[in-house]
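Take a look at the structure set out below.
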Amino acid sequence: MKPTISIVVPVYNEEEVLRELYTRIRQVMDPQDEPWELVLVNDGSIDCSAEVMRELYDQDPRVKGLSFSRNFGFQEAVTAGLFHALGDAVVLTDADLQDPPELIPKMIAKWREGYDVVYGVRTEREGETWFKKITAKVFYRAIHRITSVNIPLDTGDFRLMDRRVVKAILRMPERNRFLRGMVPWVGYKQIGIPYERQARFAGESKFKSMRQMLPFALDAITSFSYFPLQVSTYLGFISAAISLIAILVVILLRLFGQRQELTGQATTLVAVLFLGGVQLISLGIIGEYLGRIYDEVKGRPLYLVDEKWGFDEDEE
Ligand code: UDP
Ligand code: MG
C-alpha cells in the first residue's frame with residue numbers, strides 16, 4: 001500500500017540510535033491510522049549503521065533504506081530521501097532523536113488543516129555545548145537579516161512538507177544545497193510549531209567544530225544572498241573615501257604644515273597593507289561564489305547510491 005506519510009532520516013554513523021529511533025517512530029505513527037514508511041539514507045557510515053538498517057527492514061518492511069557509495073553530506077542524504085519517499089507528506093528528521101518524533105502527529109494535524117509546510121521552531125536546546133548554542137543563535141539571526149528569502153529563526157530541518165513542496169525542492173538542481181532556505185523559498189502555506197530540542201540519544205554531533213560548521217554557513221549565505229559581494233563594493237567605496245580625505249589632508253599639511261609631518265615609511269606601509277587586505281578579502285568573496293558556479297557547471301550527480309532495499313524497482 002502506498003504510504004501517506006514518509007519519514008526521511010539521514011544516517012551517518014548512528015548505529016547506537018537507529019533501533020530506538022524506529023521504536024519511537026512506531027509508537028507515534030502506528031496509532032495515527034495512516035500508512036507510513038521510514039526512509040533511512042545511509043550517508044556512507046563507517047560503523048554498523050547499514051547492518052542495523054537491514055535488520056530493521058527484515059523486521060518491518062516499512063523501514064526502507066539506501067546506502068551511498070561514500071559520505072556525501074547531510075543535504076545530499078536528505079535530497080536522496082526526498083527523491084525516494086512516496087508519501088503525500090514527507091517529514092524530515094535527524095536520526096539522533098534530538099527532534100522528538102512525538103511532534104509528528106501535531107505536524108500531520110496542521111497539514112490536514114491545509115498547511116503545506118509545518119516546521120519545528122526550537123525554543124530550547126538541551127545537551128548542546130554553549131559554543132554550538134551561540135554559533136547557532138548568531139547564524140540564524142545573520143542569515144535572517146542578509147537573505148532575501150524569509151528564513152524563519154531557530155528553525156532546523158525538522159519539518160513536514162506536502163508532496164508539492166517536495167516536488168519543487170526536487171526540481172532545484174543546485175549542488176550546494178541549503179534546505180533551510182530552499183523550503184521557505186518555495187512558498188505556499190507555511191507554519192511553525194515550537195518545540196524543545198532534546199539532547200542526542202547517543203553518539204556525538206557531526207557539526208560541532210568551526211571547521212564542520214563553516215562550510216554549511218557559507219553555503220547558506222552564498223545560496224541565498226549577494227550581500228558578501230556587496231560588502232566588497234562597500235569596502236571599495238569606504239577605502240576610496242578614506243584615500244580622498246587622506247589626499248586632502250596631505251595637500252593641506254604640505255601647504256600649511258611643517259614638512260616633517262608625513263615622513264617615514266609607516267604611512268605608505270599602512271596604506272598598502274590596508275588596500276591589500278581589502279582586495280584580498282574581495283577576491284576571496286568572489287572566489288567563494290566562483291567556486292560554487294564551477295560546481296554547478298560541472299554538473300556532477302549529487303550523490304551515488306550503492307545499494308537500496310525496500311523500494312520497488314520500477315519506481316524511478
Ligand atoms: N548526517 C549525515 N551526513 C553527514 C553528517 C550528518 O547524514 O555527513 C546526519 C546525522 O546522522 C544526523 C543528522 O545528519 O541524523 C544531523 O547530524 P547531527 O545530529 O550530528 O548534527 P547536529 O544535530 O548536532 O547539528
Ligand atoms: Mg543532532
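Worth knowing before you read on, the calculation uses all heavy atoms, side chains too, and leaves out hydrogens, waters and symmetry mates. For ligands, and for the atoms within them, numbers begin at 1 and follow the listed sequence.
Close contacts of ligand 1 with Gln98, meaning ligand atoms under 4.0 Å from a residue heavy atom, involve 19 (O), 22 (P), 23 (O), 24 (O). Of all atoms in ligand 1, listed by their number and element, those nearer than 4.0 Å to a heavy atom of Glu14 are 10 (C), 11 (O), 12 (C), 15 (O). Atoms of ligand 1 found under 4.0 Å from any heavy atom of Arg197, numbered from 1 in the order shown, are 23 (O). Of all atoms in ligand 1, listed by their number and element, those nearer than 4.0 Å to a heavy atom of Gly73 are 3 (N), 8 (O). Remark: ligand 1 atoms within the under-4.0 Å shell around heavy atoms of Ala95 are 15 (O).
Side chains of Thr79 and Arg177: a donor-acceptor N/O pair is present below 3.5 angstrom, by distance only. Side-chain contact, His84 with Lys308: a donor N or O sits under 3.5 Å from an acceptor N or O. Side-chain N/O atoms of Thr222 and Glu288 include no donor and acceptor closer than 3.5 Å.
Taking the six-membered ring where the residue is Trp, Phe68 and Tyr303 present parallel rings, their angle staying beneath 30° rather than reaching 60°. Aromatic ring pairs are classed by plane angle as parallel below 30°, tilted from 30° to 60° and perpendicular above 60°; the pair Tyr289 and Tyr226 is tilted.
Between Glu307 and Arg54 a salt bridge is recorded (basic side-chain N to carboxylate O distance below 4.0 Å).
Closest to atom 18 (P) of ligand 1 among all protein heavy atoms lies Arg200 NH2, 3.4 Å. Closest protein heavy atom to atom 20 (O) of ligand 1: Lys206 N, 2.6 Å. Atom 21 (O) of ligand 1 has as its closest protein heavy atom Phe207 CD1, 3.4 Å.
With Asp157, Asp94, Asp43 as candidates, the residue nearest to atom 4 (C) of ligand 1 on a non-hydrogen basis is Asp43.
When only interatomic distances are considered, the shortest N/O to N/O separation between Pro10 and ligand 1 falls below 3.5 Å.
Just one residue in the list Gln190, Arg164, Lys189 forms a side chain to side chain donor-acceptor pair (under 3.5 Å) with Asp116, and that residue is Arg164. Of the options Gln75, Arg175, Arg292, a side chain to side chain donor-acceptor pair (under 3.5 Å) to Asp219 is made by Arg292 and by none of the others.
The part of Asn71 lying near ligand 1 is the side chain, judged by heavy-atom distances below 4.0 Å.
Put simply, the side chain of Arg26 never gets that close to the backbone of Tyr22: no donor and acceptor are under 3.5 Å apart.
For an aromatic pair to be called close, the ring centres must be under 6.0 Å apart, and Phe158 with Tyr195 satisfies this. In this structure, Phe178 has its ring center closer than 6.0 angstrom to the ring center of Phe216.
The count of protein N, O or S atoms under 2.8 Å from the Mg ion (ligand 2) stands at 2, with waters excluded from the count.
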